[in-house]
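What follows is a set of notes on a single structure, which appears directly below.
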Amino acid sequence: MAKVIISLCANFVDECEAEVPDGKEPLLQIFASSIGTVSHEETRLFKSFKLAVEKRETEQKVGNGKHKETALTALLEELYLHKEIELMEEIKDIRDELKIIRGVFEEQKYVLQGLSKALVEGQKETNSDALYSNLPELNNLITRLEQVEKMEEDAKTTYKSLNHLLDLKQKQANLIEAAGARSEAVESGKQAKTVLFFTIVTIIFLPLSFLTSLFALNIRDFPHDASGEVLFPSRWIYSRIFGTTAAISVPMIGIAISINNLLDMFKKENVKKNIKTARTENFPRIRRWFARTNPIEYDAEKLK
């Protein structure tokens, strides 16, 4: 009766089968197949990601603008993580279920080993090796336990591979973001140079336009010709217009070019001034507080 109970309890896993398209499949084989499927899908995702990275690098070197954009779009599609997350969820469930099954097998192994010891004590003439041959369930259980441990190791390897793939995709996304930020910085630099150019042009022509408009006014004090039109000597008008324009434009252009350095200098001066003011205002307060809380030490410090 004991052997029947042991056989039923220890061999229940072999009797658990599931219907699959190819027929019936044992329980442990179902877990092994599921791990293999997840591992195969992880390998496919890794190869697809690798091809997308290689294609983008190739297009960056020799491709034109349209091909570069297409390669970047394909790579960005590969950076979506929903497939990897689904696979990680599945492999995590498999690991949890295998852990439960291993716990059941270990409990059965503990019981069978206890039974083996009890039989050894009851039969002095039988050694433990002979007894193991009378308990084939224990040998089968040890084999199944080794299979579960092997599957747990495979599941752990697949889980680490998925984590590694996620890490690679995150790093690639960071590289793309950094490249985009660098391109934006370069474009901003070009725009800043363009703005500076038009600023210089404005600085030059603003006083020139103002002076030209001013001297074009029909003012009584300006020299006039016989017909009453305003008329200036060429040397006199040119010296006033271009000389004044140069006197105003040159310093303003210098300020426009070095405005950032000037602002940084003023900011540093303000910081130094604030620090000096804080020390001047707070140091006497600190000394008075120290004198009130430590009168003896304060007197000794003054004597020094």
Side-chain angles (χ1 to χ4, degrees), residues 53 55-76 79 171-286:
V53 173
K55 182 178 179 181
R56 180 171 185 267
E57 290 180 352
T58 302
E59 295 296 340
Q60 285 286 350
K61 294 178 181 178
V62 299
N64 55 28
K66 184 178 180 180
H67 291 166
K68 289 181 180 180
E69 189 67 24
T70 302
L72 179 59
T73 302
L75 180 57
L76 290 176
L79 295 180
K171 290 179 179 178
Q172 184 63 41
N174 293 337
L175 289 175
I176 294 175
E177 184 178 358
R182 183 175 58 186
S183 299
E184 291 180 359
V186 172
E187 189 66 25
S188 298
K190 294 179 180 179
Q191 293 178 359
K193 292 179 180 178
T194 303
V195 171
L196 179 60
F197 172 77
F198 283 106
T199 301
I200 294 174
V201 172
T202 304
I203 291 174
I204 294 173
F205 283 94
L206 183 62
L208 191 63
S209 301
F210 172 76
L211 292 174
T212 303
S213 301
L214 177 63
F215 287 114
L217 296 176
N218 192 4
I219 300 175
R220 183 175 57 185
D221 294 335
F222 287 168
H224 294 74
D225 58 8
S227 61
E229 296 292 335
V230 177
L231 182 63
F232 295 97
S234 300
R235 181 177 298 179
W236 186 90
I237 191 63
Y238 289 156
S239 62
R240 266 58 175 181
I241 292 178
F242 292 112
T244 306
T245 299
I248 296 174
S249 300
V250 171
M252 295 302 295
I253 292 173
I255 293 174
I257 294 174
S258 59
I259 185 65
N260 292 327
N261 295 331
L262 293 175
L263 291 176
D264 292 338
M265 183 180 66
F266 286 134
K267 187 181 295 185
K268 291 179 181 179
E269 291 296 329
N270 288 332
V271 171
K272 291 180 181 179
K273 183 178 178 181
N274 293 334
I275 293 174
K276 185 177 180 181
T277 302
R279 288 177 178 176
T280 305
E281 293 178 354
N282 295 330
F283 187 69
R285 299 177 185 175
I286 296 173

key: More than 12 heavy atoms of other groups within 6.0 Å of Phe215 CZ   = yes
ask   = Which atom pair, heavy atoms only, marks the closest approach of Ile241 to Thr212?
value = CD1-OG1, 4.3 Å
key: Ile248: side chain to side chain contact (heavy atoms under 4.5 Å, CB included) partners, not counting sequence neighbours   = Pro207, Thr244, Met252
Identify all side-chain donor-acceptor contacts of residues 172-192 below 3.5 Å with residues at least two apart in sequence or on another chain.
from, atom 1, to, atom 2, distance (Å)
Asn174, OD1, Gln170, NE2, 3.2
Asn174, ND2, Gln170, O, 3.3
Ser183, OG, Ala179, O, 3.0
Ser188, OG, Glu184, O, 2.8

ask   = In chain order, what residues pass the salt bridge (Lys or Arg N to Asp or Glu O under 4.0 Å) check against Lys171, with sequence neighbours excluded?
value = Asp167
Ser213 OG to Leu208 CG distance, which is reported to the nearest 0.5 Å = 9.5 Å
ask   = Aromatic rings Trp236 and Phe232: how do their planes relate, parallel, tilted or perpendicular, breaks at 30° and 60°?
value = parallel
Atom of Thr199, atom of Ala256 and distance for their closest heavy-atom approach = CG2-CB, 4.4 Å
ask   = How long is the span from the CG atom in Asp264 to the CD1 atom in Ile259, to the nearest 0.5 Å?
value = 10.0 Å
request  = Calculate, to the nearest 0.5 Å, the distance between atoms CD1 and CZ belonging to Ile237 and Phe242 respectively.
outcome  = 9.5 Å
